[in-house]
Student: 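Have a look at this one.
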Amino acid sequence: MVLSALSRGLASVETDLLRGSMAAVGLGYEEIKNLCPPDIDVAYHNSVGSTTISGPEESMKSFIAHLTVSNIYFRN
């Protein structure tokens with residue numbers, strides 16, 4: 001287990017990965033799925049009125065700003 005965790009950690013540090021981000025949104029899956037840009041996905045269906053979205057950090061910042069301007073509730 002320790003070697004597995006170490007290997008995963010080293011791979012994360014040594015690989016050029018896109019930084020990701022997540023946010024809880026006060027909309028259900030059916031409401032948010034068509035609003036999300038192509039590089040942002042619904043990660044979790046929390047409840048009828050809540051989902052968690054995930055995607056590249058910069059795209060998420062832009063999309064969250066759009067949702068905020070549109071008065072759509074979210075939590076980081």
Side-chain angles (χ1 to χ4, degrees):
M1 289 296 277
V2 173
L3 290 176
S4 176
L6 174 64
S7 295
R8 183 175 190 268
L10 289 174
S12 295
V13 171
E14 295 174 357
T15 305
D16 291 331
L17 298 173
L18 291 175
R19 291 187 51 98
S21 181
M22 298 179 90
V25 181
L27 293 173
Y29 174 75
E30 292 298 325
E31 296 170 295
I32 194 72
K33 70 178 182 179
N34 294 323
L35 296 177
C36 289
D39 60 344
I40 295 178
D41 294 309
V42 176
Y44 302 106
H45 304 242
N46 301 327
S47 68
V48 173
S50 175
T51 55
T52 298
I53 56 174
S54 176
E57 186 175 36
E58 291 304 314
S59 294
M60 287 290 292
K61 285 180 183 179
S62 175
F63 187 53
I64 288 170
H66 167 74
L67 294 177
T68 301
V69 169
S70 302
N71 292 319
I72 296 173
Y73 176 75
F74 71 94
R75 295 185 305 269
N76 284 345

Student: Quick one: pull up OG1 in Thr51 and NZ in Lys33 and give me the separation to the nearest 0.5 Å.
Tutor: 12.0 Å
Student: Sorted by first residue and then second, give each ring-ring contact (aromatic ring centres under 6.0 Å, His included) pair with at least one member in residues 40-63; sequence neighbours left out.
Tutor: Tyr29-His45
Student: Quick one: does Val42's side chain get under 4.5 Å of Ile32's, heavy atoms only?
Tutor: yes
Student: Just to verify, what does Ser59 make a side chain to side chain donor-acceptor pair (under 3.5 Å) with, not counting sequence neighbours?
Tutor: Asp39
Student: Working to the nearest 0.5 angstrom, can you tell me the gap between Met60 CE and Ile40 CD1?
Tutor: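 The CE atom of Met60 sits 5.5 Å away from the CD1 atom of Ile40.
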Student: My understanding is that only residues two or more places apart in sequence, or in another chain, count here; which of them pass side chain to side chain donor-acceptor pair (under 3.5 Å) with Glu57?
Tutor: Arg19
Student: Can you pull the salt bridge (Lys or Arg N to Asp or Glu O under 4.0 Å) pairs that have at least one residue in residues 40-56, sequence neighbours excluded?
Tutor: none
Student: Measure the OG-CD1 distance between Ser21 and Ile64 for me, rounded to the nearest 0.5 Å.
Tutor: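 The OG atom of Ser21 sits 5.5 Å away from the CD1 atom of Ile64.
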Student: For Lys61, what residues pass the side chain to side chain donor-acceptor pair (under 3.5 Å) criterion, not counting sequence neighbours?
Tutor: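 With sequence neighbours excluded, Lys61 shows a side chain to side chain donor-acceptor pair (under 3.5 Å) to no residue whatsoever.
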Student: Report yes or no: does Ser50 contribute a side-chain atom to a donor-acceptor pair with the main-chain N or O of Asn46 at less than 3.5 Å?
Tutor: no
Student: Can you list the residues that meet the side-chain contact (heavy atoms from CB on, under 4.5 Å) rule with Ser54, with sequence neighbours excluded?
Tutor: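 Testing Ser54 for side-chain contact (heavy atoms from CB on, under 4.5 Å), a comparison that skips the adjacent residues, returns Met22, Ala43.
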Student: Less than 4.5 Å apart, side chain to side chain, heavy atoms only: is that true for Leu35 and Leu27?
Tutor: yes
Student: Please list all pairs passing the salt bridge (Lys or Arg N to Asp or Glu O under 4.0 Å) test where one or both residues lie in residues 62-71, with sequence neighbours left out.
Tutor: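 Passing the test, one end in residues 62-71: no pairs.
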